[in-house]
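All remarks here apply to the structure that follows.
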Protein chains: 2
Amino acid sequence: MKALTKAEEQIMQILWDLKEAYVKDVLERMDDPKPAYNTVSTFIRILETKGFVKHRPIGKSHQYYPIVTKDEYRSFSIRRLLSGYFGGSFTKMASFFAKEENLDVKEIERIMEEVKKDVK
Amino acid sequence: MKALTKAEEQIMQILWDLKEAYVKDVLERMDDPKPAYNTVSTFIRILETKGFVKHRPIGKSHQYYPIVTKDEYRSFSIRRLLSGYFGGSFTKMASFFAKEENLDVKEIERIMEEVKKDVK
DNA sequence: AATATACTATTAAATAATTAGTAAAACCTA
DNA sequence: TAGGTTTTACTAATTATTTAATAGTATATT
C-alpha cells in the first residue's frame with residue numbers, strides 16, 4: 001500500500017465518511033476556502049488510479065466509493081509509525097504515550113479495561 | 001511543528017541516532033544507492049532553516065545536531081495519527097490494534113504490566 | 001607555490017503534488 | 001431544438017520536494 005499525500009488523504013477521509021459520493025458531495029463537505037470542482041474531480045481520479053477508489057456510472061455521472069477501507073489505511077499508518085519511531089513495538093509506543101501524558105497506574109488500568117472489553 | 005518530508009525524515013533519523021554529525025557521517029549511514037554529498041548537505045541546510053537542526057563551526061567545517069528531539073517528533077506524529085484516525089483517543093487506537101493483532105486478554109495484560117513498570 | 005582534497009554555498013534541473021482552466025459530452029427545459 | 005447546466009476528460013500551470021552540478025574557499029601535500 002502506498003501512502004496518501006495530504007490532499008489525497010483529506011478526500012479519502014470524506015469518502016470513508018460518506019461511503020459513496022459524487023464529486024459535488026465531496027466538495028460540499030470540504031472546508032472553506034473550497035477548491036474548484038475540478039480539483040476535487042482530479043484528486044478522486046488520482047485516487048482511482050492509485051487503487052483507493054472505484055466508481056459506478058450512474059447516468060452520465062460517476063458515483064465514487066472507497067475500495068481501501070479506513071481500517072486498512074489505519075492499520076498501515078500505525079505500522080508505519082511503529083516501525084519508524086518505536087522499533088515496531090506497540091508496547092514501546094504505549095509506554096511513551098503514558099509517560100508523556102503523565103498517566104498514573106489507575107489511568108493505564110482504566111484504558112486497558114476498556115480495551116479488554118472492546119476486544120471481546 | 002511542521003511535518004517532515006520523507007527525505008528530510010530519513011536524515012533526521014540519522015541525526016537523532018548520531019546526536020551530532022558532519023555531512024559525511026550522515027552520508028556514510030545512508031542506504032545504497034547513496035545520494036551525492038551535496039544532496040545530503042542541502043537537506044541538512046533545509047532542516048536548519050525549518051528549525052530542526054543547528055550547527056557549530058568546527059574549523060572550516062560544520063558539525064550538525066538536532067534541536068528538535070526525536071521524542072518531540074514522536075509525540076507530534078502520534079498526535080497526528082490519533083487526531084486523524086482515532087478521534088484523538090489513544091484507547092481507540094489501542095483497541096483497534098488489539099483487535100487487529102488478535103491479542104487475547106492475557107497478552108493485553110502483559111503489555112499493560114510492561115507499561116506500568118515502565119511508567120514508574 | 002602548484003596541485004589535490006574536503007567542504008560549503010549557490011543555483012539549476014528533475015520529479016512529484018496541487019490546483020484549476022478549457023473542451024466536450026450528456027442532460028434538461030422553455 | 002436551441003440554449004443553459006452539470007459533469008467528466010484532458011491538459012496546463014503552479015508550487016513543493018528531491019537531487020545534484022558547479023563554483024568557490026580553505027586546508028593539506030608534494
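Letters A, B, ... mirror the listed sequences (proteins, then strands); counts begin at 1.
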Applying ring-ring contact (aromatic ring centres under 6.0 Å, His included), name anything that partners [X], two or more places apart in sequence or on another chain.
| X | result |
| --- | --- |
| B:Phe43 | none |
| B:Phe76 | B:Tyr73 |
| A:Tyr22 | none |

- Query: Okay, side chain of B:Glu107, backbone of B:Asp104: is any donor-acceptor separation there less than 3.5 Å?
  - Reply: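 Such a contact is found between B:Glu107 side chain and B:Asp104 backbone.
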- Task: Keeping the roles fixed (side chain from A:Thr49, backbone from A:Ile46), state whether a donor-acceptor pair exists under 3.5 Å.
- Result: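 Checked: pair present.
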State whether [X] and [Y] are salt-bridged, where the test is any N-O pair (Lys NZ or Arg NE/NH1/NH2 against Asp/Glu carboxylate O) under 4.0 Å.
| X | Y | result |
| --- | --- | --- |
| A:Glu113 | A:Arg110 | no |
| A:Glu48 | A:Arg45 | no |
| B:Glu28 | B:Lys34 | no |

- Query: What salt bridge (charged side-chain N to carboxylate O under 4.0 Å, His left out) pairs are there with at least one residue in residues 85-100 of chain A, not counting sequence neighbours?
  - Reply: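 Residue pairs with at least one partner in residues 85-100 of chain A: A:Lys99-B:Asp118, A:Glu100-B:Arg79.
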- Between A:His55 and B:Lys2, which has a closest nucleotide on DNA chain D that is more 5'?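 Final value for this comparison: A:His55.
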- Item | Residue pairs passing the side-chain hydrogen bond (donor to acceptor under 3.5 Å, both in side chains) test where at least one lies in residues 8-18 of chain B, sequence neighbours excluded |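 Passing the test, one end in residues 8-18 of chain B: A:Tyr85-B:Glu9, B:Thr5-B:Glu8, B:Glu8-B:Lys50, B:Gln13-B:Lys70.
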Protein and nucleotides 13-15 of chain C: nitrogen or oxygen contacts under 3.5 angstrom:
none

- Which parts of residues 35-50 of chain B get close to DNA chain C, meaning a heavy atom less than 4.0 angstrom away?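 When residues 35-50 of chain B is checked for heavy atoms under 4.0 Å from DNA chain C, the hits, listed by number, are B:Tyr37, B:Asn38, B:Arg45.
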- Message: From CE of A:Met30 over to C1' of C:dT18, roughly how many Å is that when rounded to an integer?
- Response: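 These atoms are roughly 11 Å apart.
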- Would you mind reading off the distance between A:Leu27 atom CG and C:dT18 atom C1', rounded to a whole angstrom?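 Rounded to the whole Å, the gap is 16 Å.
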- What residues form a salt bridge (charged side-chain N to carboxylate O under 4.0 Å, His left out) with B:Asp71, not counting sequence neighbours?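 For B:Asp71 the salt bridge (charged side-chain N to carboxylate O under 4.0 Å, His left out) partners, ignoring immediate neighbours, are B:Arg74.
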- Task: With rounding to the nearest 0.5 Å, note down the distance linking CD1 in B:Ile11 to OG in B:Ser41.
- Result: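 The CD1 atom of B:Ile11 sits 9.5 Å away from the OG atom of B:Ser41.
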- Atom pair CG (A:Leu27) and OG1 (A:Thr39), whose distance is rounded to the nearest 0.5 Å: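 Here the interatomic distance stands at 9.0 Å.
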- Query: Around B:Lys54, counting heavy atoms of other residues, nucleotides and ligands shown, do more than 12 lie under 6.0 Å from its NZ?
  - Reply: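 No, not enclosed.
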- Message: Through direct or indirect side-chain contacts below 4.5 angstrom among Ile, Leu, Val, Met, Phe, Trp and Tyr, which residues connect to A:Val105?
- Response: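 A:Val105 shares its hydrophobic cluster with no other residue.
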- Query: Contacts to DNA chain D from residues 9-24 of chain B, heavy-atom cutoff under 4.0 Å, which residues?
  - Reply: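 By residue number: none to list.
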- Query: Between the axis at one end of the helix from C:dA1-D:dT30 to C:dA30-D:dT1 and the axis at the other (five pairs apiece), what's the angle to 10 degrees?
  - Reply: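 The two end axes of the helix from C:dA1-D:dT30 to C:dA30-D:dT1 meet at 10°.
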- Earliest and latest nucleotide of DNA chain D, 5' to 3', sitting under 4.0 Å from a non-hydrogen atom of chain B?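 First-to-last contact on DNA chain D, by the 4.0 Å heavy-atom rule, is D:dT17 to D:dT27.
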